[in-house]
2 protein chains.
Amino acid sequence: MDSFRALIAEVLADHLNAPGAASVGTPSVPALMAELGRRARTAARRVALATPEEKNAALHAMAARIRAQAGEILAANAEDLADAQAKGQSGAFIDRLILNPERVEAIAEAVENIAALPDPVGRVLARFERPNGLQIERVATPLGVIGVIFESRPNVTADAGALCLKAGNAAILRAGSESFRTSLAIAEAMGEGLEQAGLPADAIRLVPTRDRAAVGAMLAGLDGNIDVIVPRGGKSLVARVQEEARVPVFAHLEGLNHVYVHGEASLEMAKRIVLNAKMRRTGVCGAAETLLVDRACAETHLRPLVSVLLEAGCAVRGDEAVQAADPRVTPASEEDWRTEYLDAIISARIVDGLDEAIGHIETYGSHHTDSIVTEDGATAERFMAEVDSAIVLHNASTQFADGGEFGFGAEIGIATGRMHARGPVGVEQLTSFKYRIRGSGQTRP
Amino acid sequence: MDSFRALIAEVLADHLNAPGAASVGTPSVPALMAELGRRARTAARRVALATPEEKNAALHAMAARIRAQAGEILAANAEDLADAQAKGQSGAFIDRLILNPERVEAIAEAVENIAALPDPVGRVLARFERPNGLQIERVATPLGVIGVIFESRPNVTADAGALCLKAGNAAILRAGSESFRTSLAIAEAMGEGLEQAGLPADAIRLVPTRDRAAVGAMLAGLDGNIDVIVPRGGKSLVARVQEEARVPVFAHLEGLNHVYVHGEASLEMAKRIVLNAKMRRTGVCGAAETLLVDRACAETHLRPLVSVLLEAGCAVRGDEAVQAADPRVTPASEEDWRTEYLDAIISARIVDGLDEAIGHIETYGSHHTDSIVTEDGATAERFMAEVDSAIVLHNASTQFADGGEFGFGAEIGIATGRMHARGPVGVEQLTSFKYRIRGSGQTRP
């Protein structure tokens, strides 16, 4: 056992069976995190130069190890579950945390699906020749070390680690305290898969402590050894990361998404899209939260749109016109326009034309995903140009805001910032680039 | 005069003629900076949606105003120069600061050249159709508000402002204290040009105070109203910005660039490239600072390479083998490998093959620009793959590290980070992107 493993073992002995000690600093945690950072940087350099075949062999070995160690993973999960139930966690929380043999198999398959994606490293993004004969290429390269901070879904350990590796990056994963044992068991299998394929286990490391000081160290960038942080979890986690991180963050704080039913919208299409955008799944970031109906079609469209939502079990909070359309509508307050319900509730109002719709979205939205329903192409183009969101749609549901639906194969999250990554963050967005220039002795005059 | 102009006038009255007060905070500076931020955000939204024709009309109007107000600009420059001379600034400093009618004309022409570039906004970066018929496009959009902090070259006011505008962004420009009056006169002309073309003057604003608190406010991001900071200046400025900025930074701290003369290098080509890389201009970030000569060709190549440098007036600091090649070589210390001379000095050593060359570059380099000279294509490809620098070259001078030489038309700087922009930052790198999705009523199953 080398010294790093000894350090991990020491920290684990402190923390693994003492969740009550989670917020108490331990002298060895700063040393552990610094060492994790240094090792991730060294590993990043190795995996950046790994061939597609090496990376895919490692991913397949990881999937095989996850399957082979399903028993250990499920046993760890049972311990996490017992703690969560003892703490009285909610059913939704338990559902995110719980694994069974089918879910472990799905985790392994997800890793294999990532192996099957095209390799994003080395893609030639641009190529041009200069008058002096220099051949310039812009080529995709890995980003470096990616820190992922997540909450209760233990499958993120495998998904995020695999995505980072596919793009030639090292990953430092910080699991939620409640899924710690499960995540550790999955990470153990991933590390063994890496080593089987001749790649360093340091390329995907789970932070081996529940100590919260580890998160602070990651947000500070581990002495320059983390290049970007990806938070996966609820709004309070994302807000903390965005507030405190000293390194770039790929994230969205919320998906306060709108469907705007324009005066020229087909009523049947609008009903289908609004119902799907709100109710297909209410807890996802691509769910619609506000319905904007144009005054020009309110007389014909408003009542049927409100009815279809109410009959599907959605509460509707509306302005006066929307309240007048159906007695079951309750009044919307100013706060409703700013609220991401993530539930079967929608706010709804009448707007006077495209400009007022865009104005509402720019005032209250979160730059995530917004859709217009209209048969008028020119209006749709203006909406898509002027609404400053990562994803804008014409005649389609906001629930398509998902890397899988984009054909990215998998995503590490959705970003609403304007730097580097925006929208679904798949393996291509986990790369950077460099310029390769081929000459024949050129010097600059 | 509106209230913002009154605020600017008040702050200017405090500062314009009192350079000695530059480091003393004034109560109205925080209010001024906050207002600049809010106005830039509003203006950014307007110029983001401006047509290429509107932006180009504004750029041409700016160039015309700069020409028309050359007298005022030169008068302001004379005042700045008088202060700089009174302070005993160096000749190089004065040369960066001084304008004459030809330099003012060159500033106007540079703005026109930026107008002539292809518009980077709205480019379709990717387009794909999903099996459900959704048409997905990734389209270039502006970044938002760009903060530029620069030192003594007043032409940066026009260059940076014009580049930001061309990419649909608003710019907040912070000039060095010594070029403050000149920059203010140029910015005044730019603002008039914007307004003549029907765009808001707030889209390009020079911070109207020398107060250093303004820099701190910009680095803190002006309450979310600055999206990225670009420092243009010496190492201490860049280091401060990189250390303190709470928003992304496009920059390079230094260009510690290498030329590696491989065993299979043509001696004549190596002499030409090494001489040009080091001596064409020694003060630019693309200048070479270290020469690595492979042991395999040292017997034939080392002495001629050292001679050509010494004879061009370059001091050579070398390891023992390089010292043995010529008595004029002085010993290199460990510190030399870490030093960006920006002067007619080069450090030089022998390396044992490609791996040692790459190891040296990764240990001491700054990830800016590195070149290999060799006739062996496979070695060159390995060098370009494994050296983790923004720009890697084969058989060409490092002095090509320049947006103009890349055909970008102009650059706001060179970045060595891995996020968003890397290498020369031209108008394309000053954009972000969004996804536009066109459907025909699709809902997600």
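When reading the values below, keep in mind they use all heavy atoms of this one structure, side chains included, and skip hydrogens, waters and symmetry mates. Residue numbers start from 1 in every chain, and the chains themselves are labelled A, B, ... in the order their sequence lines are given, proteins ahead of strands.
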- Message: Under the rule for ring pair (Phe, Tyr, Trp, His ring centres under 6.0 Å), what residues qualify as partners of B:H360, not counting sequence neighbours?
- Response: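 Partners of B:H360 by the ring pair (Phe, Tyr, Trp, His ring centres under 6.0 Å) criterion, ordered by chain and then number, come out as B:H258, B:W337, B:Y364.
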- Using non-hydrogen atoms and a 4.5 Å limit, figure out which bit of A:S371 sits close to chain B: side chain, backbone, both or neither.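 Neither part, no heavy atoms under 4.5 Å.
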- Query: Contact part of A:A421 toward chain B, heavy-atom cut-off under 4.5 Å: side chain, backbone, both or neither?
  - Reply: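 For A:A421, the backbone is the part near chain B, not the side chain.
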How about [X] and [Y]: do any of their side-chain heavy atoms sit closer than 4.5 Å?
X      : Y      : answer
B:R45  : A:E362 : yes
B:V392 : A:I437 : no
B:I136 : A:F400 : no
A:Y435 : B:M384 : no
A:M419 : B:V228 : yes
B:L49  : A:E386 : yes

- Can you name the closest pair of heavy atoms from A:G439 and B:A396 and give their distance?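 Where A:G439 meets B:A396 most closely, the heavy atoms are CA-CB, 4.5 Å.
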- Hey, is B:R444 close enough to A:E405 for a salt bridge, meaning N to O under 4.0 Å?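 Yes, B:R444 and A:E405 are salt-bridged.
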- Query: Salt bridge between A:R438 and B:E381, side-chain N to carboxylate O under 4.0 Å?
  - Reply: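 Salt bridge flag = yes for B:E381 with A:R438.
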Winner by heavy-atom pair count (cut-off under 4.5 Å) against chain A, out of [options]:
options                : value
B:L125, B:V139, B:L143 : B:L143
B:G417, B:S397, B:A390 : B:A390
B:L134, B:N395, B:T398 : B:N395
B:G423, B:S440, B:G286 : B:S440

Using non-hydrogen atoms only, which part of [X] is less than 4.5 Å away from chain A: side chain, backbone, both, or neither?
X      : value
B:R422 : both
B:E129 : neither
B:V247 : neither
B:F250 : side chain
B:T431 : neither
B:T141 : side chain
B:A48  : neither
B:R272 : both
B:I273 : both
B:P142 : backbone
B:I391 : both
B:E243 : backbone
B:A245 : backbone

- Item | Atom CZ of B:R123: over 12 foreign heavy atoms under 6.0 Å |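 Yes, because the 6.0 Å sphere around CZ of B:R123 holds more than 12 heavy atoms from other groups.
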Only pairs of heavy atoms separated by less than 4.5 Å count here; which of [options] has the most with chain B?
options                        : answer
A:R246, A:E268, A:Q135         : A:R246
A:D388, A:D402, A:V387, A:N132 : A:D402
A:H394, A:R138, A:K434         : A:K434

- Query: To the nearest 0.5 Å, how far apart are CZ in B:R418 and CG in A:D227?
  - Reply: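 Reported to 0.5 Å precision, the distance equals 5.0 Å.
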- Query: When rounded to the nearest 0.5 angstrom, what is the spacing between CE in B:M269 and OG1 in A:T443?
  - Reply: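 Going from the CE atom of B:M269 to the OG1 atom of A:T443 covers 10.5 Å.
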- Query: Can you check whether B:L393's main-chain N or O pairs, donor with acceptor, with A:R436's side chain at less than 3.5 Å?
  - Reply: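 No; zero donor-acceptor contacts below 3.5 Å.
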- Item | Parallel, tilted or perpendicular: rings of A:F408 and B:F128 (30°, 60°) |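 The arrangement is tilted - the two ring planes meet at 30° to 60°.
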